[in-house]
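Along the sequence shown, the residues carry numbers beginning at 1.
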Amino acid sequence: MKEVQAILFDLDNTLMDRDHTFRSFSTQFVQDFLGHLEAEEAQKVVEDMIHRDADGYRDKDGFFVELSEVLPWETPVMAEHIRAYYDASYINHGATMKDAVDVLKYCKERGYILGLVTNGKVDIQNTKIDTLALREYFKAIVISGEVEIAKPNSKIYQLALDRLGVTADQTLFIGDHPVNDIWGAGKAGLQGIWLQRKHAWDEQLDIQPWKIICELNELKSIL
């Protein structure tokens with residue numbers, strides 16, 4: 001591997017604390033729509049929503065239909081109304097991952113070229129990036145909904161490399177998902193740093209992370 005010149009980051013549950021964000025959203029949702037529930041039952045619904053959401057890796061429209069059918073409504077709420085509520089309020093609960101901004105500043109100060117590669121809809125991901133004030137740190141931001149290529153397709157990493165003006169062997173990828181981040185980036189020729197969150201490592205993968213971290217600030221001792 002050549003000397004590292006660039007670093008690509010994932011967004012959700014890497015730079016944005018999606019666990020905190022979705023839990024906060026779900027708590028507010030239950031307060032607003034299911035205020036008739038006792039506190040213990042309301043908390044059970046919050047935990048059920050988090051479980052059904054599957055860390056964001058399921059179809060949102062199907063998720064909202066499911067909520068409209070299974071939640072203990074006093075007055076039924078249609079899926080499209082849940083969608084509208086989500087679109088209007090979810091990002092208001094957004095929070096950066098611990099040490100995310102500090103680490104981005106650290107990388108920039110040391111001359112690394114930074115990029116962001118994220119799966120999702122253009123408007124939603126852009127809103128997250130701007131609400132969390134992350135855009136200024138990146139030379140290139142690649143969103144799957146914009147380029148119509150999604151991780152772990154190797155083409156999306158190559159597109160990011162092209163926009164940064166670097167090669168794969170000069171670049172690290174940092175993310176939390178074993179397949180979408182580490183395996184996909186590895187197939188594109190990048191070394192991966194796996195931020196351990198919820199996802200267990202699949203031992204059948206033929207790519208291994210270069211480094212494993214539990215907190216973003218551990219990057220300072222690696223770079």
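Within 6.0 Å of atom NZ in Lys105, 12 or fewer heavy atoms from other residues, nucleotides or ligands are found, so the atom counts as exposed in its surroundings.
With Phe64 as the partner, the ring-ring contact (aromatic ring centres under 6.0 Å, His included) test is satisfied by one option alone out of Phe29, Tyr85, Tyr86: Tyr86. Residue Arg197 is tested with Asp19, Asp55, Asp176 for a salt bridge (charged side-chain N to carboxylate O under 4.0 Å, His left out); the sole match is Asp19. When each of His51, Lys44, Gln43 is checked for a side chain to side chain donor-acceptor pair (under 3.5 Å) with Glu47, only Gln43 meets the rule.
Residues Gly120 and Ser144 come closest through the heavy atom pair N-OG, 2.8 Å.
The backbone N or O of Gly62 lies less than 3.5 Å from a partner atom in the side chain of Asp59, making a donor-acceptor pair. Remark: the backbone N or O of Asp181 is not paired with any side-chain donor or acceptor of Lys151 at under 3.5 angstrom. Side-chain atoms of Asn153 never come within 3.5 Å of backbone atoms of Ile156 as a donor-acceptor pair (strictly under, hydrogens ignored). Checked by atom type and distance alone, the side chain of Ser24 never pairs as donor or acceptor with a backbone atom of Thr21 at under 3.5 Å. A distance-only check finds a donor-acceptor pair linking the side chain of Gln170 to the backbone of Thr167 [under 3.5 Å].
Residues Ile222 and Ile193 meet the side-chain proximity criterion, which asks for heavy atoms closer than 4.5 Å. Contact check for Leu190 versus Leu8: side-chain heavy atoms found under the 4.5 Å cut-off.
With side-chain heavy atoms closer than 4.5 Å counting as contact, directly or through intermediates, the hydrophobic cluster containing Val179 also holds Ile182, Trp183, Trp194, Trp201, Leu205, Ile207, Ile212.
Residues passing the salt bridge (Lys or Arg N to Asp or Glu O under 4.0 Å) test with Asp48 are Arg52, sequence neighbours excluded.
A cation-pi arrangement is absent between Arg135 and Phe138 under the rule of less than 6.0 angstrom and at most 45 degrees off the ring axis.
The aromatic rings of His177 and Tyr57 sit tilted, their planes meeting at an angle between 30° and 60°.
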